[in-house]
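Below you'll find the structure, written out as C-alpha cells, and then a few comments.
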Amino acid sequence: MLFTALPLLLVAGSNDLSDEGVGTYTDASVANQISNFTINRQMVSCGVGTVGATGFTGPFAMLMYAKDIQSYSADHNTKTIRVSGRMRSITVVGGVTVEDVVHDFLAVAVDNTGTGKPDRFDVHFTTPFWKASPMCTPSTEVQGWCRFGGELLLGDVVVGR
C-alpha cells in the first residue's frame, strides 16, 4: 500500500500567560545583575550572567533549570505560584565550572497586579557550592537554603487571570 504525505495543518492558539510567568529580575541575591526566569507547568529556569564573549561566560554565570517538577500549584486567592522538584544548577566563575549538580528546589512567583508593586520571582535551593558561599542569600522559605530572586524589571507573573 502506498502512503502519500498529507499536509498537516497546525492551528496556533493564544500564547497569553495563565498561571505562569516569564521575565527579568534583579536584587542583591544575584549581585544586582540582570537575571532571567521562566515558571510554568513544564519548566522552571533562571539564569544570571555578567558579560561574555564567544565561548566565554565572563566573570560569573549561573544557569538553573528543572529536571523533574514534582508539585505545581497556582493559588488564585494569594496570586502565588509554588513549584517544587529537582533542578540542575551550573555555576561558572572566571570561565571555570565550579559546580554542576542536581538538587531540590522551591520556586515562588507572585502576581502583584493592582497592588502598585512589581511582580516577583524567587527560587530557593541548596547546593554544596552555594551553601558554603558567603554570597548565599538566605532563603525566606526554607531554613538553611539559599535564594536567587527579586522584583521583576520586565515580564509578568499571571495568576488567575
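By convention here, the first residue in the shown sequence is residue 1.
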Side-chain contact test, heavy atoms from C-beta onward, threshold under 4.5 Å: evaluate it for Leu152 versus Phe121 and give yes or no.
yes
CZ on Arg88 to OG1 on Thr127, rounded to 0.5 Å
13.5 Å
Rounded to the nearest 0.5 Å, how far does OG1 of Thr26 lie from CG of Leu153?
6.5 Å
Are side-chain heavy atoms of Arg82 and Ser71 found at a separation under 4.5 Å?
no
Val30 versus Tyr25: any side-chain heavy-atom pair under 4.5 Å?
yes
Report the C-alpha distance between Met87 and Val123 in whole Å, list the side-chain angles of each, state the deciding distance to 0.1 Å, and finish with yes or no for side chain to side chain contact (heavy atoms under 4.5 Å, CB included).
CA-CA 11 Å; Met87 76 178 2; Val123 62; 4.0 Å; yes
Please determine whether a side-chain nitrogen of the Lys or Arg among Asp119 and Lys79 lies less than 4.0 Å from a carboxylate oxygen of the Asp or Glu.
no
Linking I/L/V/M/F/W/Y whenever their side-chain heavy atoms sit closer than 4.5 Å, directly or via other members, would Leu154 and Ile81 fall into one cluster?
no
Approximate separation, where rounding is to 0.5 Å, of Asp19 CG and Asp75 CG:
10.0 Å
Within this structure, what is the CD-NE2 distance for the pair Gln143 and His124, rounded to the nearest 0.5 Å?
13.5 Å
Under the salt bridge (charged side-chain N to carboxylate O under 4.0 Å, His left out) test against Arg120, which residue among Asp111, Asp156, Asp27 passes?
Asp27
Is the ring centre of Phe148 less than 6.0 Å from the ring centre of Phe37?
no
For the backbone of Ile90 and the side chain of Glu99, can you confirm whether one donor and one acceptor N or O come within less than 3.5 Å of each other?
no
Which atom of Pro118 lies closest to which atom of Glu151, heavy atoms considered
CG-OE1, 3.7 Å
Given the rule that I, L, V, M, F, W and Y join up when any side-chain heavy atoms are under 4.5 Å apart, are Tyr65 and Phe105 in one cluster?
no
Under 3.5 Å, is there a donor-acceptor pair linking the side chains of Ser89 and His103?
yes
Before giving the answer on side chain to side chain contact (heavy atoms under 4.5 Å, CB included), spell out for Val92 and Phe60 the whole-Å C-alpha distance, their side-chain angles and the decisive distance to 0.1 Å.
CA-CA 6 Å; Val92 179; Phe60 176 80; over 6 Å; no
Determine, using the 4.5 Å side-chain heavy-atom cutoff (strictly less than), whether Ile39 and Val48 are members of one ILVMFWY cluster.
yes
Can you name the closest pair of heavy atoms from Tyr72 and Val83 and give their distance?
CD1-CG2, 3.2 Å
In short, side chain to side chain donor-acceptor pair (under 3.5 Å) pairs touching residues 31-45 with sequence neighbours left out are Thr24-Asn36
So if you build clusters from Ile, Leu, Val, Met, Phe, Trp, Tyr with side-chain heavy-atom gaps below 4.5 Å, do Val157 and Met64 land together?
yes
For a quick test of reading the model, state the closest non-hydrogen atom pair linking Asp122 to Gly149 and the distance between them.
OD1-CA, 3.3 Å
Going through the checks in order, is the salt bridge (Lys or Arg N to Asp or Glu O under 4.0 Å) test met by Arg147 and Glu141?
CA-CA 9 Å; Arg147 172 187 70 81; Glu141 294 281 334; over 6 Å; no
Any idea which heavy atoms bring Ser29 and Thr137 closest together, and the distance?
CA-OG1, 3.1 Å
So which atom in Gln70 and which in Arg86 form the shortest heavy-atom distance, rounded to 0.1 Å?
NE2-CG, 3.6 Å
Side chains of Trp130 and Thr91 only: does a donor on one sit below 3.5 Å from an acceptor on the other?
yes
Between CE on residue Met62 and CE on residue Met135, distance to nearest 0.5 Å
11.0 Å
Output the distance between atom CZ (Phe125) and atom SG (Cys136), rounded to the nearest 0.5 Å.
6.5 Å
Which heavy atom of Trp145 sits nearest to which heavy atom of Leu106, and what is that distance?
CZ3-N, 4.0 Å
Taking the side chain from Thr80 and the backbone from Thr78, do they hold a donor-acceptor pair closer than 3.5 Å?
yes
